[in-house]
Amino acid sequence: MRRFSTLETFLLLLGAALVVTAFSLDRISLLWKSMSRSEDVRWHHLQIRPAEGQQMAAIDAEYLVLTSDRAPGARLTLFVRPDEQRTPEALVRSLCRRDACTHSAAFPDGTESGSDRAVALYRMGGEPLALILMRPGGKRFWLEYQGAPAYYAEFKNLVDSISTQLKAEPVLEEAGRAVAPPA
């Protein structure tokens, strides 16, 4: 058996490393994408973390739109509407009177709608379409889901996270005022 010189051993190992790298480039690129993906987005004072397959379709000072690869045609929109005195329930009822949609008392996940959220159901070309309007915490931030009712589950964790943050906001503001030194 022949012994390789140091230079030949080095070149043999370098060639083997290049072959292994060439076969695993697709996995390396997926790992790189997952590591370089920005996890959190700050919009106003909210911390928004899109799930895998969700992406920002549009972002502005007044609105933020999220879509998902797993929910074609569905979108979740967060927007600011500071001067609205009507509830989501009242808005959906007036919308359904105008557009002849069906006002639903239940969400696609089976929970009941309330004063802070309402559901309008449409039939578009035989396919069901849900318009879900939410105002968590009764504040100026609104959420609107638009898409097939079955795809609402794709955005449910994100909606719950945003709702929790908005409902905790008054408690955080009060705590901040209590800690802040008097002016």
Side-chain angles (χ1 to χ4, degrees), residues 1-81 107-111 117 124-125 127-137 139-173 175-176 179-181:
M1 186 144 181
R2 180 175 175 234
R3 294 191 71 110
F4 295 110
S5 70
T6 308
L7 179 61
E8 291 173 327
T9 304
F10 172 74
L11 290 176
L12 185 63
L13 290 174
L14 179 65
L18 288 174
V19 168
V20 168
T21 303
F23 283 115
S24 61
L25 276 178
D26 58 334
R27 291 185 184 152
I28 292 171
S29 69
L30 289 174
L31 180 65
W32 179 260
K33 271 175 49 176
S34 70
M35 287 175 41
S36 65
R37 182 177 151 223
S38 65
E39 292 295 324
D40 293 342
V41 174
R42 299 285 294 170
W43 184 72
H44 290 271
H45 65 280
L46 298 172
Q47 184 173 350
I48 300 165
R49 177 175 286 189
E52 185 178 329
Q54 294 177 348
Q55 53 272 6
M56 304 286 168
I59 188 166
D60 190 75
E62 298 298 315
Y63 60 88
L64 173 80
V65 180
L66 292 119
T67 60
S68 175
D69 296 338
R70 293 179 237 163
R75 71 172 191 244
L76 179 69
T77 305
L78 289 77
F79 59 94
V80 179
R81 194 171 180 168
F107 259 44
D109 62 3
T111 59
R117 56 190 195 162
M124 304 297 271
E127 295 294 318
L129 174 75
L131 175 76
I132 302 173
L133 192 58
M134 298 165 272
R135 185 170 65 174
K139 294 291 182 178
R140 60 191 179 115
F141 293 98
W142 290 69
L143 289 100
E144 177 190 79
Y145 168 79
Q146 188 175 20
Y151 293 145
Y152 176 72
E154 181 65 30
F155 296 99
K156 185 168 180 1
N157 289 339
L158 187 58
V159 167
D160 290 344
S161 169
I162 293 167
S163 296
T164 302
Q165 291 178 54
L166 289 173
K167 288 177 182 175
E169 179 187 13
V171 174
L172 295 175
E173 286 176 1
V179 173

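Looking only at distances, a side-chain donor or acceptor of T164 sits under 3.5 Å from a matching main-chain atom of D160. At least one donor-acceptor pair under 3.5 Å links the side chain of Q165 to the backbone N or O of Q47. Judged by distance alone, with hydrogens and angles left aside, the side-chain atoms of H44 form no donor-acceptor pair with the main-chain N or O of E62 at under 3.5 Å.
A heavy-atom distance below 4.5 Å is found between the side chains of H45 and L166.
Between L133 and F79 the shortest heavy-atom distance is CD1-CZ, 4.2 Å. The minimum heavy-atom distance linking P149 with P128 is given by the pair CD-O, 3.7 Å. The minimum heavy-atom distance linking A148 with L129 is given by the pair N-CD1, 4.4 Å. The two residues A61 and V80 make their nearest non-hydrogen contact at O-CG2, 4.3 Å. Of all non-hydrogen atoms in A17 and T21, the two that sit nearest each other are O-OG1, 2.7 Å.
Separation of atoms CZ (F141) and CZ (R135) is listed at 13.0 Å; rounding is to 0.5 Å. Interatomic distance, OG1 of T6 versus CG of L11, reported as 11.0 Å (0.5 Å rounding). Note that the NZ atom of K156 and the OG atom of S161 stand 11.5 Å from one another [nearest 0.5 Å]. To the nearest 0.5 Å, the span separating CZ on R49 from CG on N157 amounts to 12.5 Å. Here Y151 contributes atom OH and T67 contributes atom OG1; the two are 13.5 Å apart, rounded to the nearest 0.5 Å. Taking CG of L13 as the start and OG1 of T9 as the end, the distance is 7.0 Å to the nearest 0.5 Å.
Pairs passing the salt bridge (Lys or Arg N to Asp or Glu O under 4.0 Å) check and including a residue from residues 65-74, sequence neighbours excluded, read R70-E154.
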Could you walk me through whether L66 and M56 satisfy the side chain to side chain contact (heavy atoms under 4.5 Å, CB included) test, starting with their C-alpha distance in whole Å, then the side-chain angles of each, then the deciding distance to 0.1 Å, before giving a yes or no? CA-CA 5 Å; L66 292 119; M56 304 286 168; 3.8 Å; yes
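Of the residues listed (I162, D60, L78), the one engaging W43 in a side chain to side chain contact (heavy atoms under 4.5 Å, CB included) is L78, and it is the only one.
Within a 6.0 Å sphere centred on CZ of F10, heavy atoms belonging to other residues, nucleotides or ligands number 12 at most.
Note: Y152 and Y145 have perpendicular aromatic rings, judged against thresholds of 30 and 60 degrees for the angle between ring planes.
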